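The structure under discussion appears below in the form of structure tokens.
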Number of protein chains: 2
Amino acid sequence: MELSDKFAEAKFLAMPPDSNLPGDEMLRAAPQPMRRQVEEGLRNAIASGRFAPGQHLTDRMLCEVFGASRSVVREAVRLLEAEGLIVLVPNRGQFVAYLSSAEAAHIYEVRGVLEALAAEGFAIRATDAERAELRQIYEHLADVGPETDRMALLAIKRDFYAVLLRGCRNPLVARMLDQMLNRNSQLRATSLSDPARLPHTIRELRWVVEAIEHRDPEGAWEASRLHVRRAAAVALRILRGREEREREDPGGTQLG
Amino acid sequence: MELSDKFAEAKFLAMPPDSNLPGDEMLRAAPQPMRRQVEEGLRNAIASGRFAPGQHLTDRMLCEVFGASRSVVREAVRLLEAEGLIVLVPNRGQFVAYLSSAEAAHIYEVRGVLEALAAEGFAIRATDAERAELRQIYEHLADVGPETDRMALLAIKRDFYAVLLRGCRNPLVARMLDQMLNRNSQLRATSLSDPARLPHTIRELRWVVEAIEHRDPEGAWEASRLHVRRAAAVALRILRGREEREREDPGGTQLG
DNA sequence: CACAGAAAGATTGACAGACAATTATTTCGG
DNA sequence: CCGAAATAATTGTCTGTCAATCTTTCTGTG
């Protein structure tokens, strides 16, 4: 079997999953350099679960998939390694990171304070237009029925965070929290958390939105922190249960 | 003038400034891969100010200085760019990041919550031995006279943070806070803050250490947060003053 | 047949050289 | 002295090479 055949079906991975940002890429006249495309494509493929945890990412394979040279691919891989999405085994290669419950706990801890910081900053520094925008997206989220498909839900949440990160006026918080959320997406991609928690999520986010509208930074901080803590509790319970099961029945749900 | 001559005097940059960790590199039998060496060397050179803000970092020059090939150098540069120590200008090259007061404010904001999180985690999860170690380093810091040279002071502070980051039992917090501290070193390297603040620093850190010894996570959180806030206030005042002066007298203190 | 050890194959880590595209600098004509 | 063309320098990317290391397969022996 030829390499081209072997990876042909995976080629679609090269294009990002959410190309519904009409105005954005129109604006930047200069096309993104190759390494950015590979970087984003790889990030998306991992965060969305199309590259499963544990999967071996060969240089050659990545070159085929993204149509780039090894130098470019390797630069992208190094970046994603720094973000924690990929683990490198010396002289063996790179693998999609598997998220243990311990690591997930660490991530939730950091995400908690960063998200709280973002919400606090938003409450202090966002414009009225941004406040209205956040409220609008929240209403959108609160209106969806329980049968709405997961992808649509995730899209709305992503919009919510995009507005929050923009309005907090701290690009550093935005970038780091974005990393955390990417790692979290990896969790959601392996069918985690959401099912019955949606109403709780909506209620908790309402507290955040309301505190922000009252220009109450402390309230926004606390509400935000609480939201992440609860999400963490649910996710960690599921993750630990899964690990428990896998210890007793190795290979029951194989990942990569 | 030949390239070799041109950069000969800069060659010493390749070796890290703090090679006083005797037991550490003895342990790892496998030598760090080339790219790590370049990465660390570059990080140290920037954080310590030997590569000044605004300086143009040519590929060729970096290859000469670190004795590595372009691929390796470029991978390292990309990583440091993600950490914010380097800025890339498309088709022009990479420059040592200049820290504006606005960016510094962002960094201090993030550093505040991360350091608080680390202190809180330490208060909860550190071993007795680690607590004692932290106390010991603190005493060391409190004992130094005001005439102690800056390098020694920075070394002690670095030890303090090393113990704190290890004891908080969250490698993610450790890594991110480490990044923040690197950026901060860049500030200190341009002769900032410290002079008269040492007694205040010592007092504030004592509150942190005492809260930790009383196994009081909330106290450790608050004390830590307070410390960073005060340090930020001082540093930002100086930075803004400097920017003010430079607006009126451009070139008064040139940096690269 | 089982199994230790050797050979073959695949993959990484690193290097050097090449090339077009872009940007900076210098030269030269007016 | 000013502006435009020519020149040089630098980046972004690709290709090919090579040794070191890990995995797998093969092989000979008890």
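Owing to the predicted nature of the structure, the values given are computational and were not obtained by experimental measurement. Throughout, a chain's letter reflects where its sequence line sits, starting with A, and its residues are numbered from 1.
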Between [N] atom [atom2] and [X] atom [atom1], what is the distance in whole Å?
X: B:Q37; N: C:dA14; atom1: CD; atom2: C1'; answer: 12 Å
X: B:L62; N: D:dT11; atom1: CG; atom2: P; answer: 9 Å
X: A:L88; N: D:dT21; atom1: CG; atom2: P; answer: 17 Å
X: B:M61; N: D:dA9; atom1: CE; atom2: C1'; answer: 15 Å
X: A:L57; N: C:dG13; atom1: CG; atom2: C1'; answer: 17 Å
X: A:R60; N: D:dT15; atom1: CZ; atom2: C1'; answer: 14 Å
X: A:Q32; N: D:dT13; atom1: CD; atom2: C1'; answer: 16 Å

Query raised in the report: Among D:dT13, D:dT11, C:dT12, which nucleotide sits nearest the side chain of A:H56?
Result: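 Shortest atom-to-atom distance from the side chain points to C:dT12.
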**Report entry** From C:dT12, C:dA14, D:dC14, nucleotide with atom closest to B:R35 side chain
**Finding:**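 Looking only at side-chain atoms, B:R35 lies closest to C:dA14.
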Query raised in the report: Would you say the side-chain atoms of A:E40 pair up with the backbone N or O of A:Q37, donor to acceptor, closer than 3.5 Å?
Result: no
**Report entry** Distance (rounded to the nearest 0.5 Å) between A:L85 CG and A:I46 CD1
**Finding:**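 Those atoms lie 5.5 Å apart.
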Check [Y] with [X], please: is the shortest side-chain N to carboxylate O separation under 4.0 Å?
X: B:E39; Y: B:R35; result: no
X: B:E244; Y: B:R240; result: no
X: B:R36; Y: A:E81; result: yes

Requested in this report: Map B:G93 and A:G67 onto DNA chain D by nearest heavy atom, then report which one ends up closer to the 5' terminus.
Outcome: B:G93
Query raised in the report: Quick one, which residues of residues 75-86 of chain A touch DNA chain C with a heavy atom under 4.0 Å?
Result: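 Within residues 75-86 of chain A, the residues near DNA chain C are A:R78.
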Query raised in the report: For B:R78, which residues count as a side chain to side chain donor-acceptor pair (under 3.5 Å) partner, sequence neighbours excluded?
Result: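 Only A:E75 meet the side chain to side chain donor-acceptor pair (under 3.5 Å) criterion with B:R78.
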What N/O pairs connect the protein and nucleotides 16-23 of chain C at under 3.5 Å? Give each pair on its own line.
residue : atom : partner : partner atom : Å
C:dT22  : O3'  : B:N91   : ND2          : 3.4

Query raised in the report: OP1, OP2 of C:dT11 versus side-chain N and O of A:Q94: anything below 4.0 Å?
Result: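 Checking C:dT11 against A:Q94, no side-chain N or O comes under 4.0 Å of OP1 or OP2.
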Requested in this report: Give every residue pair that meets the salt bridge (charged side-chain N to carboxylate O under 4.0 Å, His left out) criterion with at least one member in residues 169-179 of chain A, sequence neighbours excluded.
Outcome: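 Listed once each, the pairs are A:E130-A:R169.
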Query raised in the report: Sequence neighbours excluded, which residues qualify as salt bridge (Lys or Arg N to Asp or Glu O under 4.0 Å) partners of A:R166?
Result: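 In terms of salt bridge (Lys or Arg N to Asp or Glu O under 4.0 Å), with neighbours along the sequence ignored, A:R166 is linked to A:E133.
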Query raised in the report: Who passes ring-ring contact (aromatic ring centres under 6.0 Å, His included) against B:F160, sequence neighbours left out?
Result: none
